[in-house]
Amino acid sequence: MKSTGGCALRISAGFLREMKKEAGCSGLQRCSQQSLQDRADRSIFSIGSGAAAVKRKNSRKMQKFRKQESTNISPRKVRFCLTSVLQIIIMKKLHRGVAQMVARMVRDHEAASSSLATPTINNPRRSLFAFLRGLFLCPGGFGEKVLCHKIGSGIYWYRRLSLGFKRLYFWLWGVIMCGIAGFCNFDADFLQDAGAWTRVLVGMRTAIAHRGSDQTGEYLRRNIGLAHTRLSIRDLAGGAQPMLRRRGNREYGIVYNGEIYNADELKRDLLSRGCGFETTCDTEVILYGYMEYGMEIAEKLNGIFAFAIWDGYRDTLFLCRDRLGVKPLFYDLKGPDLVFGSEPKALFAHPQIQPEADMDSFREIFGIGPARTPGCGVFCGLREVKPGCILEYSPEKTKEFPYWSLEAKPHTDSYAQTVETVSWLLRDAVKRQLVSDVPVCSFLSGGIDSSVVTAIASQQLQSKGLTLNTFSFDFTHNDTSFQPNAFQPTRDRPYVDQVLALYPLHHTYLECDEATLADMLKDAVRMKDLPGMTDVDASLLYFCGLVKQHNKVALTGECADEIFGGYPWFYREELLHVDGFPWSADLSARTALLSDETIHV
């Protein structure tokens, strides 16, 4: 699958051989065991020389692109994007030098691993193992070593700080995706050349077709164009988008990506207000909710979402994103044109948007990557609707404002109350996320996060006479080549087997070899449109592709470390007070790659 907007990451077989030789083991297997810090610092960047030649070449491409009709717009036509400026190429002449640098970093990381070990938690009331044994009453638990390793002193942080969340739903990352895109210009009349602008919409949603291709649709009016590519999860036949509803002479439209977990409760309220539903999907709940409450509906939604609502009566476009920013939503303002989409590549399929980079782009990538400054889209002019915010675009104004913000408050509940509250939140979250018109599976790594999700989901499905599909992932030959470190002292497989012995699950073991992982690196960057976490992104992309052959929706334990304080920088004093971001506290490995010597090799 090809896409645009990403930086081509090329790691040749020669480089991998050199890395194996220098490090004394399989480089990619070792990569899979490193910390987030190590993964980020090992990202190998090389700025291609001959910038002027690249600029001239891309200038000619852009001139040619502008001359072509909208019918020819495709991802390939804008492939030059950020790669024109940031070329992530491991050149053959650097094989040995880069391999030696990586090997040194690996050895340095292992030498320092003893200082990264999870501290002993002397207070049993703060032991997450004891906490979760009381929480789920699971005989024998899942093994105290993996519990303390995975989450560390998470309960200590939970008891010290009660985050003002009404739900912990973002902890369970449901792999559910659709794609939305569109544009708005109050000075234009798109209907004068409806065919061309419809083809632009088709090009934009085709660029993100990998997000779901069960159904597609476009909507075009004088000042607005909306497009959608759908992965059908609820109301498989009746949930087509863009979805339109009318009230008198007022027309409203929506394109939406996500899942609303309290849709049934909201629907009952809207029915009592006289709304006549034509489908059972949550898209219609959001649209009717807007027609009744305006954008206050965002405050009532419990879920993960990114949507655009067009109010034809008020001539106003609203872009809205969920509270924690689980669902992406990018946009760009070019004069009177507002262009938006689920991914940057959707925007680059619009003739007004050119993928360009500036110094701020490099600061984002080299300084805090793979994280980003809130609202920053890295590319020049590209923005992202901030989590918990709404962007309002009308002839009179362009305004982004929050409808929700995170509040930190002292946690005053007793230990018993804490156990009861967290238990209810987790069970309720999993139960709501199992609502689907297609089967739901779960990822099972053997860690406490995915094991808890799997246990609750299995119990819920058992009550309905169903068996949960689960999937675990490992690297080929890890049974003989595994090397323990501070972040992964043991293999995952033994703990996966413990969970399988406790619950009736339909389990599949999946593996990935080094060659396959190397082949996926480029695709992983293209999918994100930006450099990421190398082997982590590539392996996740590969395994999700395998899981998709069986299930369209998966629950995972992603973000558990963020909520329960599992990362070292949550509890290590020297990282808590570091002057900078803990995952990129040492920038020397990154900035070294920007030296003249490296650039001009």
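In what follows, residues are counted from 1 in the order of the sequence shown.
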Next item on the list: Kindly confirm or rule out a cation-pi arrangement of Arg250 over Tyr313, judged by NZ or CZ under 6.0 Å from the six-membered ring centre and within 45° of its axis?
Entry: yes
Checklist line | Within-4.5 Å side-chain heavy-atom neighbours: Leu426 and Val422 | finding: yes
Check: For the residue pair Asp282 and Ala263, what are the closest heavy atoms and their distance?
Finding: CB-CB, 3.9 Å
Note to self: Using side chain to side chain donor-acceptor pair (under 3.5 Å), reason through Thr316 and Glu392 one step at a time and then give a plain yes or no.
What the structure shows: CA-CA 7 Å; Thr316 302; Glu392 180 180 350; 4.9 Å; no
Notebook entry, point to check: Any side-chain heavy-atom pair from Phe186 and Asp315 closer than 4.5 angstrom?
Noted result: yes
Margin query: I'd like to check Asn302 versus Ile260 (side-chain heavy atoms, cut-off strictly below 4.5 Å). Are they in contact?
Written below: no
Next item on the list: Under the side chain to side chain contact (heavy atoms under 4.5 Å, CB included) rule, what do Leu317 and Phe340 come out as? Steps first, then yes or no, please.
Entry: CA-CA 11 Å; Leu317 174 67; Phe340 67 90; 4.0 Å; yes
Margin query: Using a strict threshold of under 4.0 Å (side-chain N to carboxylate O), is an ion pair present between Arg372 and Glu364?
Written below: no
Notebook entry, point to check: What class does the angle between the rings of Phe183 and His350 fall in, given that below 30° is parallel, 30 to 60° is tilted and above 60° is perpendicular?
Noted result: perpendicular
Notebook entry, point to check: OG of Ser539 to CG of Leu521: how many Å apart, nearest 0.5 Å?
Noted result: 9.5 Å
Next item on the list: Give the C-alpha distance, both sets of side-chain angles, the deciding distance and a yes or no for side chain to side chain contact (heavy atoms under 4.5 Å, CB included) between Phe277 and Val285.
Entry: CA-CA 8 Å; Phe277 284 82; Val285 172; 3.9 Å; yes
Notebook entry, point to check: Cationic tip of Lys345 within the cone over Phe348's six-membered ring, i.e. under 6.0 Å and within 45° of the normal?
Noted result: no
Notebook entry, point to check: Of all heavy-atom pairs between Ile208 and Ile180, which one has the smallest distance, and what is that distance?
Noted result: CD1-O, 3.6 Å
Note to self: Between Asn185 and Leu338, is the side chain to side chain contact (heavy atoms under 4.5 Å, CB included) condition met? List the steps.
What the structure shows: CA-CA 7 Å; Asn185 185 332; Leu338 185 146; over 6 Å; no
Next item on the list: Any chance you could lay out the salt bridge (charged side-chain N to carboxylate O under 4.0 Å, His left out) test for Asp264 and Lys267, step after step, and finish with the verdict?
Entry: CA-CA 5 Å; Asp264 291 341; Lys267 186 174 182 178; over 6 Å; no
Notebook entry, point to check: Side chains of Phe443 and Asp449: does their closest heavy-atom pair fall under 4.5 Å?
Noted result: no
Note to self: Walk me through whether Tyr252 and Ile309 qualify under side chain to side chain contact (heavy atoms under 4.5 Å, CB included).
What the structure shows: CA-CA 7 Å; Tyr252 305 88; Ile309 287 182; 5.6 Å; no
Notebook entry, point to check: Below 4.5 Å, heavy atoms only, C-beta onward: do Trp404 and Pro387 meet side chain to side chain?
Noted result: no
Next item on the list: State, with a plain yes or no, whether a side-chain heavy atom of Val255 is found less than 4.5 Å away from one of Tyr219.
Entry: no
Check: If we ignore angles and hydrogens, is there a donor and acceptor under 3.5 Å between the side chains of Arg427 and Ser423?
Finding: yes
Check: Which heavy-atom pair separates Ala240 from Arg230 by the least distance, and what is that distance?
Finding: N-NH1, 3.9 Å
Margin query: Quick check for you: to the nearest 0.5 Å, what is the distance between Met204 atom CE and Thr229 atom OG1?
Written below: 13.0 Å
Next item on the list: Could you go through the salt bridge (charged side-chain N to carboxylate O under 4.0 Å, His left out) check for Arg321 and Glu384 one step at a time?
Entry: CA-CA 9 Å; Arg321 196 170 175 210; Glu384 189 172 21; 3.1 Å; yes
Notebook entry, point to check: Counting distance only, does the side-chain N/O of Asp537 pair as donor-acceptor with the main-chain N or O of Met533 below 3.5 Å?
Noted result: yes
Item checked: Sidechain N-carboxylate O distance under 4.0 Å for Arg199, Glu218 -> no
Check: Under a 4.5 Å cut-off applied to non-hydrogen side-chain atoms, are Tyr288 and Ile254 in contact?
Finding: no
Note to self: Apply salt bridge (charged side-chain N to carboxylate O under 4.0 Å, His left out) to residues Glu292 and Arg247 and explain how you reach the verdict.
What the structure shows: CA-CA 11 Å; Glu292 287 294 323; Arg247 183 167 287 175; 3.2 Å; yes
Next item on the list: Quick one: sort the His550 and Phe471 rings into parallel, tilted or perpendicular, breaks at 30° and 60°.
Entry: tilted
Next item on the list: Report the distance from atom CG of Asp269 to atom NZ of Lys300, rounding to the nearest 0.5 Å.
Entry: 7.0 Å
Check: Does any non-hydrogen side-chain atom of Tyr261 lie less than 4.5 Å from one of Ile304?
Finding: yes
Notebook entry, point to check: Is the Phe379-Phe330 ring centre distance short of 6.0 angstrom?
Noted result: no
Notebook entry, point to check: So Asp311 and Tyr290, side chain to side chain donor-acceptor pair (under 3.5 Å) or not? Walk me through it.
Noted result: CA-CA 9 Å; Asp311 187 329; Tyr290 170 77; 2.6 Å; yes
Item checked: Closest non-hydrogen atom pair, Leu468 against Val440 -> CD1-O, 3.4 Å
Note to self: Give me the atom names and distance for the closest heavy-atom approach of Leu434 to Gln460.
What the structure shows: CD1-CB, 3.6 Å
Next item on the list: May I have the step-by-step check of side chain to side chain donor-acceptor pair (under 3.5 Å) for Ser463 and Gln459, ending in yes or no?
Entry: CA-CA 6 Å; Ser463 65; Gln459 292 170 349; over 6 Å; no
Check: What heavy-atom pair brings Leu329 and Phe307 nearest, and what distance separates the two atoms?
Finding: CD2-O, 4.1 Å
Notebook entry, point to check: Under 3.5 Å, is there a donor-acceptor pair between the side chain of Ser450 and the main chain of Ser445?
Noted result: yes
Checklist line | Lys/Arg-Asp/Glu bridge criterion (N-O < 4.0 Å) met for Lys334, Asp337 | finding: no
Check: At what distance, to the nearest 0.5 angstrom, does CG of Asp322 lie from CD of Glu259?
Finding: 12.0 Å
Note to self: Within this structure, what is the OH-CG distance for the pair Tyr393 and Leu391, rounded to the nearest 0.5 Å?
What the structure shows: 9.5 Å
Check: Between CH2 of Trp197 and CD1 of Ile224, what distance do you get to the nearest 0.5 Å?
Finding: 12.0 Å
Next item on the list: Start with the C-alpha gap between Glu343 and Arg211, add the side-chain angles, then the distance that decides, and say whether salt bridge (charged side-chain N to carboxylate O under 4.0 Å, His left out) holds.
Entry: CA-CA 10 Å; Glu343 299 178 20; Arg211 299 183 66 89; 2.9 Å; yes
Next item on the list: Would you check if the side chain of Asp358 reaches a backbone N or O of Ser361 as a donor-acceptor pair within less than 3.5 Å?
Entry: yes
Check: Is the closest side-chain donor-acceptor distance between Tyr293 and Glu299 under 3.5 Å?
Finding: no
Next item on the list: Apply the test side chain to side chain donor-acceptor pair (under 3.5 Å) to residues Ser442 and Thr454: give CA-CA distance (whole Å), side-chain angles for both, the deciding distance (0.1 Å), then the verdict.
Entry: CA-CA 6 Å; Ser442 74; Thr454 296; 2.9 Å; yes
Notebook entry, point to check: Side chain of Ser394, backbone of Lys397: donor and acceptor closer than 3.5 Å?
Noted result: yes
Note to self: Using a strict threshold of under 4.0 Å (side-chain N to carboxylate O), is an ion pair present between Arg383 and Asp332?
What the structure shows: no
Next item on the list: State whether Asp189 and Arg222 are salt-bridged, where the test is any N-O pair (Lys NZ or Arg NE/NH1/NH2 against Asp/Glu carboxylate O) under 4.0 Å.
Entry: yes
Next item on the list: Indicate yes or no for a side-chain donor-acceptor contact from Asn469 to the backbone of Cys441 under 3.5 Å, with no hydrogens or angles considered.
Entry: no
